[in-house]
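Since this is a predicted model, take the numbers as computed values, not measurements. Just so you know, these numbers use all the heavy atoms, side chains as well, and skip hydrogens, waters and symmetry mates.
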Protein chains: 2
Amino acid sequence: MPSHLFGLIGLCLTCPYKQHCFCKNLLNRSSTEIESSPIKNVALLAKQYLYRQGDMNEALFILREGWIMLTRHSEDGKRHVFRSILPGELIGFQNQLRGPTTYSAIALINSIVCRISNIVDLFSIRPELGLCLASALACDMKLTEMYLYNIAHRSAQERLAFMLLELHHRLSLRGLNNGYSFKFPLNQEDIADTLGLTVVHINRSLQAFKEEGLLQINKRELFILNYTAISSLAGTDFKIFPPL
Amino acid sequence: MPSHLFGLIGLCLTCPYKQHCFCKNLLNRSSTEIESSPIKNVALLAKQYLYRQGDMNEALFILREGWIMLTRHSEDGKRHVFRSILPGELIGFQNQLRGPTTYSAIALINSIVCRISNIVDLFSIRPELGLCLASALACDMKLTEMYLYNIAHRSAQERLAFMLLELHHRLSLRGLNNGYSFKFPLNQEDIADTLGLTVVHINRSLQAFKEEGLLQINKRELFILNYTAISSLAGTDFKIFPPL
DNA sequence: TTAAAAAATTAACTTAGATTAATTTTTTAA
DNA sequence: TTAAAAAATTAATCTAAGTTAATTTTTTAA
């Protein structure tokens, strides 16, 4: 058994997301396959880009630890935040497998990413991975559709409530919450750019929530103080089934 | 060769989308596979639902002819239109392969849909289909992200211009335009619910476009009279690469 | 052919959120 | 430790789009 195989298995054995459909599938394979699709861990510092809009990318990434945000800058200088990527989630797949990326991926806090390169070969060796990928994409799609709906049809406070509970829910699925509180590395501009609102208005809405005792933010930690009240603003439909 | 095989091949041979990655893959297969995953054409009348939000669905559909709209009704009665499905596009895949659908699919004009049932078995027999599916989903995702960006950050006229050129572009890829004009079965409420605006405001915006000579609508056909002007409102970024 | 229903149009008025701009607080890095 | 930069806060003012409601036009179906 070649030495790099030990390295790979060690890397994955300590990974909390080794049960991910994608990873399970990769873990039982021969060494020749490993040659053609190396897996590496990549450490990112806070505010460091994994890739930038326009970069060429033909790798897939799974976030192992940390918090990544997908952002897009438009010609006129506005920034949109597509979504927050939480540990265990997969990014980097695009329709054009080898084309330029249409958004940037930036780490908000120190993060560790698992990089799976040479995916074109990988899919031909392991075609079952296609369905894993499709399942993960279908989850991302559902999430994006929920944001689309909220941004298109609901008020600032409703959008904000939706976003906070949606994040709390996704973090809970991974055990990354602390009851009703969780580490929250986004600043008010990040929230604004996710929800299509201005920083000023996000600030007003957060103030209103704090004054009514719905939540509290302290040292990058968010405390949901009145889940029921926030929930009635958010609507019931913010829960997503995890992928295969 | 069993008779239903002739039927299937006849069905697909006349289909303009038989080059779709998904279809190409299905077309060379043994008759036992056909037993386990039947393909049928389904005709829909205008305003008929293919499926309704909440229905159980475990089939995939490819639109062969017509125009389908994906809509979601929320608890509070508002309707959102996720997107228009154009011929050659695939719908029906969800993360929970056998779960209830989270939106409805309704035909706006008489349509023909190709129904591929029993997809769970199909993917185990033909795992390569997974990547076809992932590629199609990645396209849908890009489209949805473009709408998300436009709705979150841009004015009513900009959103409208984006939507019209985006549709024109997708139709052109399929040769379903007529130069700068195309069949346009959406009413003003459909546009409003796609863009997160009110009918009244869509009407105002359309009037403005017509008065400035940018476009014209006649008997469900839309004529782009000044592509350059609409394009400068829409932004340059409305083009999508088709899937594999 | 015609009555009823659906869709489009228009105007008057309201409002949620944007804009601008200044101030305070917190974080960062030298 | 401290100066500089970044982020949060607040207030005053503005405006794009929403709301309501009535009218006209088009489509549908009997």
Side-chain angles (χ1 to χ4, degrees), chain A residues 45-48 69 76-81 106-110 150-164 183-212 215-222 233, chain B residues 45-48 69 76-81 106-110 150-164 183-212 215-222 233:
Chain A
L45 294 176
K47 301 195 178 173
Q48 195 180 338
M69 222 170 51
D76 54 5
K78 281 176 281 188
R79 183 186 75 153
H80 182 73
V81 173
I106 184 172
L108 289 191
I109 54 179
N110 295 347
N150 275 275
I151 290 173
H153 294 283
R154 310 187 71 221
S155 74
Q157 291 202 8
E158 290 169 333
R159 290 184 219 183
L160 183 56
F162 159 75
M163 178 176 173
L164 299 180
K183 280 275 159 221
F184 187 70
L186 303 178
N187 65 27
Q188 296 186 3
E189 200 170 343
D190 296 331
I191 303 176
D193 290 347
T194 307
L195 294 178
L197 295 162
T198 55
V199 207
V200 175
H201 203 67
I202 287 296
N203 188 275
R204 282 194 281 255
S205 308
L206 278 174
Q207 293 303 321
F209 280 8
K210 286 174 191 166
E211 271 160 32
E212 292 169 46
L215 60 77
Q216 199 183 312
I217 299 177
N218 225 314
K219 300 229 174 211
R220 303 278 144 187
E221 179 152 11
L222 191 142
L233 280 168
Chain B
L45 294 175
K47 301 197 178 173
Q48 195 180 339
M69 223 170 52
D76 54 5
K78 280 176 281 189
R79 183 185 76 152
H80 183 72
V81 174
I106 183 172
L108 289 191
I109 55 178
N110 295 348
N150 274 276
I151 290 174
H153 294 284
R154 309 187 72 222
S155 74
Q157 291 202 9
E158 288 168 334
R159 291 184 219 184
L160 183 57
F162 159 74
M163 178 176 172
L164 299 180
K183 279 275 161 221
F184 187 71
L186 303 178
N187 66 27
Q188 296 185 4
E189 199 170 342
D190 297 331
I191 304 177
D193 290 348
T194 307
L195 295 178
L197 295 162
T198 57
V199 208
V200 175
H201 203 67
I202 287 297
N203 188 275
R204 282 194 282 251
S205 308
L206 278 174
Q207 292 304 321
F209 280 7
K210 286 174 192 166
E211 272 160 31
E212 293 169 47
L215 60 79
Q216 200 183 312
I217 300 178
N218 226 314
K219 301 230 175 209
R220 303 277 142 187
E221 179 153 11
L222 191 143
L233 279 168

Mind checking side chain to side chain contact (heavy atoms under 4.5 Å, CB included) for B:Thr198 and listing every partner two or more places apart, or none if nothing turns up? B:Val200, B:His201
Looking for any heavy atom pair under 4.0 Å, which part of the strands does A:Lys219 touch: base, sugar-phosphate only, or nothing? nothing
B:Arg79 meets the side chain to side chain donor-acceptor pair (under 3.5 Å) criterion, sequence neighbours left out, with B:Asp190, B:Asp193
Can you tell me how far C1' of C:dA18 sits from CZ of B:Arg154, to the nearest Å? 17 Å
Looking across every strand, which nucleic acid part, if any, lies under 4.0 Å from B:Arg220 by heavy atom: base, sugar-phosphate, or nothing? sugar-phosphate
State which residues pass side chain to side chain donor-acceptor pair (under 3.5 Å) with A:Gln157; sequence neighbours excluded, sorted by chain then number. none
When we call it a touch if two heavy atoms are under 4.0 Å apart, what does B:Asn203 touch: a base, just sugar-phosphate, or nothing? base
To the nearest Å, give me how far apart CD (A:Gln157) and C1' (C:dG17) are. 12 Å
On DNA chain D, which is the earliest and which the latest nucleotide, 5' to 3', with an atom closer than 4.0 Å to a heavy atom of chain B? D:dA17 to D:dT20
Quick one: does A:Asn110's side chain have a donor or acceptor within less than 3.5 Å of a partner on A:Leu45's backbone? no
Mind checking who D:dT2 pairs with, Watson-Crick or G-U wobble, both distances under 3.5 Å? C:dA29
Complement of C:dA7, any strand, by Watson-Crick or G-U distances under 3.5 angstrom: D:dT24
Atom-to-atom span, NE2 of B:His201 to P of C:dT15 - whole angstrom: 18 Å
Does A:Val200 reach a base, just sugar-phosphate, or nothing at all? Heavy atoms under 4.0 Å. base
Which base, if any, makes a Watson-Crick or G-U wobble pair with C:dA12, both distances under 3.5 Å? D:dT19
If the cut-off is 4.0 Å, is A:Ser155 near the phosphate of C:dA16, judged by side-chain N/O to OP1 or OP2? no
B:Lys183: salt bridge (Lys or Arg N to Asp or Glu O under 4.0 Å) partners, not counting sequence neighbours: none
Could you work out, with side chain to side chain donor-acceptor pair (under 3.5 Å) as the rule, every residue matching A:Glu221, not counting sequence neighbours? A:Ser181
So what's C:dG17 paired with, Watson-Crick or G-U wobble, going by both distances under 3.5 Å? D:dC14
Non-hydrogen atoms of B:Pro185 and B:Ile109 that approach each other most closely: CB-CG2, 3.7 Å
Which residue lies toward the 5' end of DNA chain D, B:Thr198 or B:Lys47, if each is placed at its nearest nucleotide? B:Thr198
May I ask you to say what A:Leu206 touches in the nucleic acid, namely base, sugar-phosphate or nothing, with a heavy-atom cut-off under 4.0 Å? nothing
